[in-house]
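Report on one structure; see the data block that follows.
Proteins come first, then strands; the chains are lettered A, B, ... in the order of their sequence lines, and each starts at number 1. Since we're looking at a predicted model, the values are computed, not measured.
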Amino acid sequence: MSRIGVFVCWCGENIARTVDVVQVAEASLQFPGVKHAAHYKYMCSEPGQSLIRDKILADRLDGIVVASCSPHMHLKTFRGAAQAAGLNPYLVEIANIREHCSWVHQDKAKATAKAIDLVRMAVAKVRRNNALQAIKVPVTKRALIIGAGVAGIQAALDIADAGYEVVLVEREPSVGGKMAGLSETFPTMDCSQCILTPRMVDVGQHPRIKLYTCAEVESVDGYVGNFKATIRQKARFVDIKKCTGCGECWNACPQKKIASEFDYGMGNRRAIYIPFPQAVPARPAIDKQACLKLKKGVCGICAKKCAAGAINYADQDQLLEEPIGAIIVATGYQLYQISAQQPTAELSGYGEYGYGQYKDVIDALQFERLVSASGPTGGVIQRPSDGKEPKHVVFISCVGSRDNAKGISYCSKICCMYTAKHTMLYKHKVHDGQAHVFYMDIRSGGKNYDEFVRRAIEQDHARYYRGRVSKITEENGKLIVRGADTLAGTPVTIEADLVVLASAMRPATGSDDLARKLRIGYDQNGFLSESHPKLRPVETNSAGILICGACHAPKDIPESVAQASAAAGKVLVMFSHKEMQRDPEIAKINESTCSACFACVRTCPYQAAEKADVRDRAGNLVKRTARINQGLCMGCGTCVAVCPSKSADLEGFSDQQIYAMVESLL
Amino acid sequence: MSQTISLAGIRQLIGQWLGQGKRVAGPIRVNADTILYQNLTSAEALLLDGCVHPGNSIKEFVMPPHEKLYEYVVKGRDVELRNQEAFPPERLILGGRPCDAAALPILDHIFNWDFVDAAYNQRRQALTIVSLACTRQDDACFCTSVGLAPDAVQGSDALLVPLGNDEYEVRCQTPKGEALFAGKCTPSDRQGSVPAGPAKQFDAKQVEALITSQFEAPVWREQALACLGCGACAYGCPTCHCFDIVDEGHAGGGIRARNWDACQFPLFTLHASGHNPRQGQASRQRQRVYHKFHIYPEKFKEYLCTGCGNCVRRCPAGLGLLSVLTAIQQAGAAAPAAKGEEAKQP
Amino acid sequence: MSAHPTGVFEPKVIAYVCNWCTYLGADLAGTSRLEYPANVRIVRLPCTGRIDFNLLIKGFEVGADAILVSGCHPGDCHYTSGNFHARRRWILFRQLLDTMGFDMNRIHFAWISAAEGKKFQHVLTDIVEQTRRMGPYAAYSKICEEVSC
Amino acid sequence: MKNIYQPELMEILQVRQHTADVKSVRIRFKDPAAAAAFSFRVGQFGIFSAFGQGESTFNICSSSNWKDYLEFCFRKTGKVTEALWQAEEGDTIGFRGPYGNGYPMEAWEGKDLIFVAGGIAMPPVRCAIWYALENRAKYGNISIVYGARTVGDLVFADELDKWAGYENVRVVQCVDPGGATPEWKGEVGFVPKVLEQAGLTAHNAVALVVGPPVMIKFSMPVLDKMGLALKDIYTSLENRMKCGVGKCGRCNAGPVYVCKDGPVFNMEMVRTLHDDF
Amino acid sequence: MLEQKLRQTCRELLANGTVKVIIGYGAAPAGQATRAVFITTPEGVEQLVWNDRCEANLVAYLKRPEVRALGKPAIVVKACDERALVVLQQEAQLERANVFVIGMACDGIGAPREAKCRSCEDQVPRFCDVVLGEVTKPADAASARWDELAEFMKKSPEERMAYWQQELARCVKCYACRQVCPLCYCQRCIVDKNRPTVISTSPSLKGNFAWHVTRAFHLAARCAGCDACTRACPVGINLRLLNQSMAKATEENFQCRPGTDPQAQPLIGNYATGDKEEFIR
């Protein structure tokens with residue numbers, strides 16, 4: 001490349017305030033190969049991009065360096081601009097003089113000197129770029145959706161309705177996730193069963209959705225458009241094809257006292273059970289830990305009762321493989337374990353609230369089950385300890401959330417809303433009951449959200465105290481809740497019959513292991529990392545893998561559904577092309593100098609480097625060599641560093657480019 | 001009448017040269033089993049008769065392994081060249097072997113053939129060479145086979161012939177030699193003498209003819225089988241002078257340097273098209289013998305070899321010119337004038 | 001980097017960083033306006049697995065006074081195993097550099113994730129200050145200028 | 001004492017791209033005194049520097065009669081040629097030479113000239129053709145046979161047509177089988193076969209054959225059949241060269257230093273080189 | 001004695017056609033130690049010798065195209081040479097079935113005895129087709145393996161850098177250390193590549209440091225410890241120190257001794273999540 005254009009961006013004031021952009025432009029004219037240098041207030045804007053396009057045509061430029069923000073922000077933008085002017089998009093390099101320079105250095109002289117160095121390195125690199133063409137790869141038009149909560153269901157339906165096959169994998173025996181367990185939902189108070197069950201049925205009956213329940217993703221290989229997902233179908237001990245869901249088995253099962261996970265321990269279930277009446281598939285599963293037949297080889301009543309002969313005690317886990325083109329992760333959330341000991345060291349518990357010690361201190365989801373018509377108490381609010389109707393219920397917000405000391409710094413976003421909902425539900429069921437709410441701030445920013453909270457306070461007379469609860473003790477059947485009302489400036493002590501803790505939302509258990517299997521990032525709280533918070537909220541850094549719902553961050557149902565459709569939309573964009581364009585910045589091997597030690601074959605995490613033979617026209621073996629499978633290579637470059645004879649190289653980050661960058665610093 | 005000088009006198013001479021800021025080089029012990037010609041830092045370091053022949057040769061002082069030819073400075077789209085004007089410092093080489101000193105006149109031919117190599121000649125003129133006649137030899141020495149002798153004087157400004165108990169007879173050969181030893185020797189009538197050189201191992205004239213007649217003989221392939229293709233023989237040899245020219249620098253400027261190279265490396269003759277006229281090690285080893293014993297004599301009437309034996313001593317595979325040349329001679333005797341009907345050399 | 005006009009020694013630091021974690025960590029330090037000295041020159045590579053050992057030697061050859069190599073935490077690598085290969089390579093290569101007499105206080109390795117903008121700031125500031133105290137790496141730059149004979 | 005390795009600085013006047021990886025460059029001495037003092041014989045070569053990358057050897061492909069510039073042609077294969085590929089008008093490169101013996105144009109006077117070239121070997125022949133055309137009277141019939149792998153690989157294709165216009169100059173162009181394009185009007189076949197089909201007569205003629213070794217090998221019997229003696233067939237050897245002044249030993253093939261005693265040899269001499277080229 | 005048994009074994013191998021050529025040690029004419037000989041006829045076995053000057057590592061010849069062209073070889077190896085054979089096998093450079101390995105029990109070589117022999121732990125080859133002779137003089141101090149390196153590492157980094165600066169100044173880049181090494185089998189070495197020029201080809205200090213760091217690191221977790229490179233260096237640079245540094249690091253950090261287990265996976269190119277790292281922040 002010998003006709004290079006350097007374009008320095010002001011980024012409004014973000015760069016220009018601490019970097020002398022004019023001086024950077026002038027200095028870059030001295031670099032070898034630079035034919036033109038310009039600066040403009042907003043390079044990424046339309047006028048900025050047209051400035052680049054015009055200069056490419058006017059000066060026959062064959063290489064572009066844009067000194068602006070991080071390549072993660074606008075490399076695609078400027079590559080598009082170059083392509084629009086007929087220049088190969090891979091002849092564009094970015095010098096990051098904003099995040100890595102103007103924003104972090106105040107001394108203008110030093111920041112400008114550094115910016116000039118960064119541009120010099122980018123020019124040295126772009127002079128050795130090759131014009132690359134995208135690699136064409138076939139696309140498997142089947143999507144894998146992990147987690148069948150409201151988000152997973154929505155995404156599955158969108159994609160299936162668009163005509164493509166979906167593999168939906170759910171860990172629990174039934175789809176529905178956390179929403180299935182809720183009573184009513186804010187702000188419209190419509191019953192979650194009524195709005196979710198039809199969707200669950202659609203999912204269960206959709207011709208193009210292949211539903212796996214009691215199943216987990218074992219491993220995922222391959223790459224975007226050509227994944228191979230291995231799904232572990234855990235032993236259910238019930239053949240759901242034969243079973244008609246008549247219920248004979250779970251009515252006769254002697255093991256009655258198993259704490260139901262679906263009811264979060266508020267009610268019990270049998271060893272063979274369906275989690276809740278509207279379960280889809282409405283087929284039971286046997287709990288290996290509880291079933292006497294499976295544990296001790298006795299009983300077996302359910303098999304005798306089953307007319308369809310669907311019970312199979314010898315059922316084993318199976319590993320099934322599914323060809324997949326794109327993956328959506330919708331594994332949802334779980335509530336923060338309020339009791340003293342915690343799964344990880346940083347998260348310390350709320351022993352002082354007595355959760356797990358006092359039976360009448362429950363968390364929000366447990367209260368949902370109490371209030372729910374299909375709940376263990378049939379919707380009657382009663383104290384778990386003695387079953388009496390509670391006259392005074394205390395709701396405590398921000399239990400865990402916004403509390404660095406407890407290791408959770410973020411706000412769980414939806415607790416203010418469902419706490420207000422709980423006070424209304426409680427009022428409608430116990431007319432003479434009094435709800436007390438201890439809160440820090442009320443966060444009700446959604447549509448009709450604040451009106452909803454006002455109604456809870458004004459119409460249903462919930463008493464809101466702005467303050468923290470310090471301690472809960474139990475004295476003769478009553479829970480003494482000691483807190484403070486900072487607005488009134490007085491301590492508050494309430495003798496409550498029931499305490500409901502609005503505890504923090506945390507990612508579902510095992511979501512970090514799944515992230516490792518899929519090679520996507522997650523933050524220090526375990527929530528999955530999106531590719532870009534504003535520009536690519538549902539994509540991840542791994543091509544072809546998307547995320548939606550609470551697994552990404554705490555969020556309510558409307559947002560989860562919106563994100564689910566967004567993720568499905570992205571998948572449909574990919575499936576709309578006959579074949580997929582793959583990033584050509586991948587490895588290549590100089591087969592004439594490769595000495596076939598196959599260090600690269602051992603190293604490649606994607607098995608993209610293969611052993612191959614070089615044959616002459618007559619077909620006899622000339623030599624052995626390593627060869628790169630262009631469909632599999634993801635461009636990590638580990639083979640390039642491990643190759644002793646430097647026969648392996650990586651387009652886009654080739655040795656020539658990297659060494660030119662380093663040598664330009666002399 | 002002869003002139004003599006004592007070891008102390010020689011050391012005093014070194015001290016004097018070093019004092020005047022000039023360079024003195026000679027064989028010094030570098031470690032337990034390696035003696036090399038190197039710049040002396042003190043008079044005591046000189047090792048007059050510590051070994052048969054040091055590991056390298058005094059070629060290093062006329063054509064260093066890495067030498068700056070000139071500098072270039074890039075100024076935008078223009079370039080400025082800065083010549084290597086620094087005149088090389090005067091250097092005295094003391095205690096060199098006659099077979100090393102004899103190599104310099106041989107090299108003078110090629111470096112002054114038509115184009116005069118300034119860098120070589122400037123260094124050559126700055127040299128004063130005082131050789132030490134050989135009192136020891138080993139199986140690798142074959143100077144007698146190429147017309148030299150333990151007390152050969154070619155290329156030396158003065159020759160020291162040992163008289164025993166640190167006394168040396170000084171035989172000045174050139175005005176430079178006389179100037180060096182003027183006033184430092186004591187006249188005496190003792191004549192130094194050295195034992196006769198090694199028996200002639202091969203007849204150079206006959207080998208010169210045999211090389212072309214046996215060009216395709218299998219002897220080359222057999223001899224080259226044990227060769228591993230390194231450059232130890234060429235770099236230790238007093239007469240091997242092939243070199244490479246490379247650029248060392250960065251975008252702003254740098255130097256164009258001359259580095260030693262050797263015909264034993266495959267890249268030496270690799271064409272840009274990928275074709276390599278001398279692909280196999282046998283053809284490369286034959287080329288080295290052919291250049292020394294046929295091409296150079298044909299062009300400059302002198303063998304490009306002084307029989308110092310370094311190629312034999314330094315070869316990690318135990319080869320060297322001696323075994324190759326004797327093998328050629330036997331092959332030649334066994335099948336006289338067998339015109340090359342053998343299979344082509346690889 | 002020549003000395004700053006006020007005569008204070010300004011060390012030249014080269015950072016070889018992986019594109020998915022440490023580079024984004026540096027971006028995060030930018031978006032969070034976390035200030036650190038302007039001595040570092042960041043070279044972006046797809047993965048720590050891609051950083052070959054010759055790059056360290058080349059870094060010192062061009063006059064770096066300290067070199068940082070940083071990438072994703074073990075287990076977080078975007079390409080699953082790049083950082084494991086790198087770690088194994090550095091465990092061995094550090095011994096060789098130590099045997100050759102390189103100043104090991106000028107070679108730094110770190111795991112900095114995309115969420116650790118602060119850590120990026122701390123590591124960089126620490127390296128620059130420490131290198132400033134140690135002064136320029138004259139030992140190796142002298143080796144690189146010298147033309148024998 | 002002059003540093004024989006130090007090049008003259010040259011300014012690039014014009015860069016022409018012939019094929020996907022072949023360019024020809026026109027350069028002029030920056031120092032007018034050097035320009036005035038410079039002269040060369042067609043067939044000689046020079047050593048061209050891309051400062052920072054190194055030096056490479058190319059034939060001077062312009063005629064010695066053109067005084068105010070030099071031309072050379074190269075294919076992008078290595079480090080130096082990749083740098084030269086990026087050179088633009090106004091850039092500075094280095095040149096030292098002329099080296100080698102050049103074509104014995106004087107000895108060829110009064111004879112018919114047969115030029116046979118293959119692929120990238122057209123430049124070494126082009127300078128001789130232009131020289132002969134500029135002294136047209138001194139030479140007899142001129143026939144030019146030039147072939148390349150594909151139509152896109154033909155170098156100086158436009159000048160081939162220009163030469164056909166000169167009186168009794170016969171130009172035969174060909175491409176290897178499969179390299180032709182629909183509009184291709186020239187021959188299709190390998191150079192040796194096309195040479196044979198051209199049916200050239202060769203009494204009192206000399207031939208200059210330059211190209212890949214395999215082309216020379218198969219052209220020799222054809223030229224032999226045309227009655228050309230070995231001493232009347234000349235070629236320019238493409239050995240690897242580095243110093244150009246007969247010192248570095250690279251181009252040593254058989255008894256000769258190709259850079260000093262060549263690169264132009266007649267086939268009689270080439271036969272004695274034990275195919276070391 | 002042992003020499004006769006070796007000749008007899010080789011005569012039979014050639015006679016019954018098991019192998020086409022014997023790569024063994026023969027007398028070197030000019031008073032050198034010994035040199036490689038390539039015997040293709042049963043009578044030729046008389047040239048074979050076995051004494052304590054059989055220093056070269058003959059496995060280096062298996063990479064030479066001219067030697068491979070001779071057909072299936074039998075090769076005479078000591079235990080240290082054999083480790084290189086095993087590494088070549090792990091790196092798909094040779095099929096074990098295509099080489100007949102004659103292992104010689106070794107009492108140590110070199111006059112004076114080589115450093116590696118004084119602390120040699122396995123004097124009898126373990127993976128060969130036939131083993132001749134047995135150990136009469138066990139090595140004296142097996143524990144002394146790292147003494148030389150430990151002594152060197154007592155120096156301060158500045159002293160070490162000064163030592164290597166003085167030693168590597170003598171290197172003239174004849175690449176004998178590369179050519180004699182059985183594990184340096186690349187057709188086009190990294191140093192012969194110039195796009196980009198990773199290692200300067202000049203024998204300047206910069207070029208020599210870059211070269212010797214690369215050569216030593218390319219032997220990390222591979223070097224058999226035969227010391228062919230140290231013996232071959234014409235200017236007497238103690239390359240053994242660098243190889244030992246890598247060998248010690250490999251053993252201590254990864255409990256791996258290269259070339260001692262044909263089934264083992266090469267260290268470089270594989271990874272373990274458990275590699276310990278106390279130097280990474």
Side-chain angles (χ1 to χ4, degrees), chain C residues 48-49 52-58 60-61 68-71 73-75 77 80-112 116 119 122-123 126-127 137 139-149, chain E residues 149 152-153 155-165 168-170 172 190 196-200 202-210 212-214 216-221 241-250 252-254 267-281:
Chain C
T48 40
D52 80 72
F53 63 94
N54 295 98
L55 270 179
L56 264 73
I57 304 295
K58 185 60 77 178
F60 284 123
E61 275 175 17
L68 165 68
V69 173
S70 172
H73 287 264
C77 174
T80 65
S81 58
N83 47 10
F84 290 129
H85 289 290
R87 174 170 62 185
R88 172 165 291 189
R89 184 181 311 150
W90 304 134
I91 291 174
L92 290 174
F93 191 57
R94 284 179 79 253
Q95 297 300 327
L96 182 59
L97 289 178
D98 197 17
T99 311
M100 296 282 282
F102 280 86
D103 183 346
M104 296 316 287
N105 302 326
R106 293 176 182 276
I107 299 160
H108 307 273
F109 299 92
W111 307 127
I112 300 176
E116 294 171 317
K119 179 174 182 182
H122 290 157
V123 167
D126 177 40
I127 289 175
Y137 194 22
Y140 202 72
S141 45
K142 190 159 50 58
I143 283 174
C144 293
E145 276 119 25
E146 176 263 338
V147 175
S148 60
C149 279
Chain E
L149 180 64
F152 178 72
M153 292 307 277
K155 296 177 187 238
S156 73
E158 291 71 24
E159 283 164 339
R160 289 200 295 269
M161 176 70 90
Y163 170 80
W164 287 113
Q165 196 171 335
L168 295 185
R170 299 200 305 273
V172 287
I190 180 176
T197 309
V198 171
I199 297 160
S200 146
S202 305
S204 60
L205 259 181
K206 174 167 89 162
N208 295 351
F209 256 84
H212 281 287
V213 165
T214 303
F217 193 64
H218 278 177
L219 288 173
L241 268 183
L242 295 178
N243 301 344
Q244 274 204 319
S245 156
M246 283 294 91
K248 184 164 183 282
T250 311
E252 278 171 1
N253 289 299
F254 304 104
L267 201 72
I268 297 292
N270 287 306
Y271 70 92
T273 50
D275 288 354
K276 76 171 177 38
E277 44 149 283
E278 77 299 335
F279 58 94
I280 302 179
R281 297 170 189 236

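With a 4.5 angstrom heavy-atom cutoff, E/Asp275 touches chain C via backbone and side-chain atoms both. Using a 4.5 Å cut-off between heavy atoms, C/Phe93 touches chain E through backbone and side chain atoms alike. Residue E/Phe254 touches chain C through its side chain alone, counting heavy-atom pairs closer than 4.5 Å. Contacts of C/Asn105 with chain E are absent, with no heavy-atom separation under 4.5 Å from either backbone or side chain. For E/Lys155, no part lies near chain C; criterion is any non-hydrogen pair under 4.5 Å. For chain E, the nearby parts of C/Ile91 are the backbone and the side chain; heavy atoms of each come within less than 4.5 Å. At a 4.5 Å heavy-atom cutoff, E/Ala162 makes no contact with chain C through either its backbone or its side chain. Heavy atoms closer than 4.5 Å to chain E are found in both the backbone and the side chain of C/Gln95. Contacts of C/Arg94 with chain E are made by side-chain atoms alone, with heavy-atom separations under 4.5 Å and no backbone atom involved. Using a 4.5 Å cut-off between heavy atoms, C/Phe60 makes no contact with chain E at all.
Within the 3.5 Å criterion, the main-chain N or O of E/Asn270 finds a donor-acceptor partner in the side chain of C/Arg88. Remark: the backbone N or O of E/Thr273 is paired with a side-chain donor or acceptor of C/Arg87 at under 3.5 angstrom.
Pairing each heavy atom of C/Gly101 with each of E/Arg160, the nearest pair is CA-CB, 3.8 Å. Between E/Leu168 and C/Met100, the closest heavy-atom pair is CD1-CE, 4.1 Å.
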**OP:** Please step through side chain to side chain contact (heavy atoms under 4.5 Å, CB included) for the pair E/Leu267 and C/Leu92, ending with a clear verdict.
**Re:** CA-CA 11 Å; E/Leu267 201 72; C/Leu92 290 174; 4.1 Å; yes
**OP:** Would you sort out whether E/Val213 and C/Leu56 count as a side chain to side chain contact (heavy atoms under 4.5 Å, CB included), showing the intermediate values?
**Re:** CA-CA 11 Å; E/Val213 165; C/Leu56 264 73; over 6 Å; no
**OP:** Go through the steps to decide whether E/Glu277 and C/Trp111 satisfy the test side chain to side chain contact (heavy atoms under 4.5 Å, CB included), and finish with yes or no.
**Re:** CA-CA 11 Å; E/Glu277 44 149 283; C/Trp111 307 127; 3.0 Å; yes
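In this structure, CZ on E/Phe209 lies 11.0 Å from CD on C/Glu61, to the nearest 0.5 angstrom. C/Thr99 OG1 to E/Lys248 NZ: the interatomic distance, rounded to the nearest 0.5 Å, is 9.0 Å. Interatomic distance, C/Thr80 OG1 to E/Tyr271 OH, rounded to the nearest 0.5 Å: 5.5 Å.
If you tally non-hydrogen atom pairs under 4.5 Å between each of C/Leu55, C/Ile57, C/Asp98 and chain E, the highest count goes to C/Asp98. Chosen from E/Tyr163, E/Phe152, E/Phe279, the residue pairing most often with chain C at heavy-atom distances under 4.5 Å is E/Phe279.
At least one side-chain heavy atom of C/Arg89 sits less than 4.5 Å from a side-chain heavy atom of E/Phe217.
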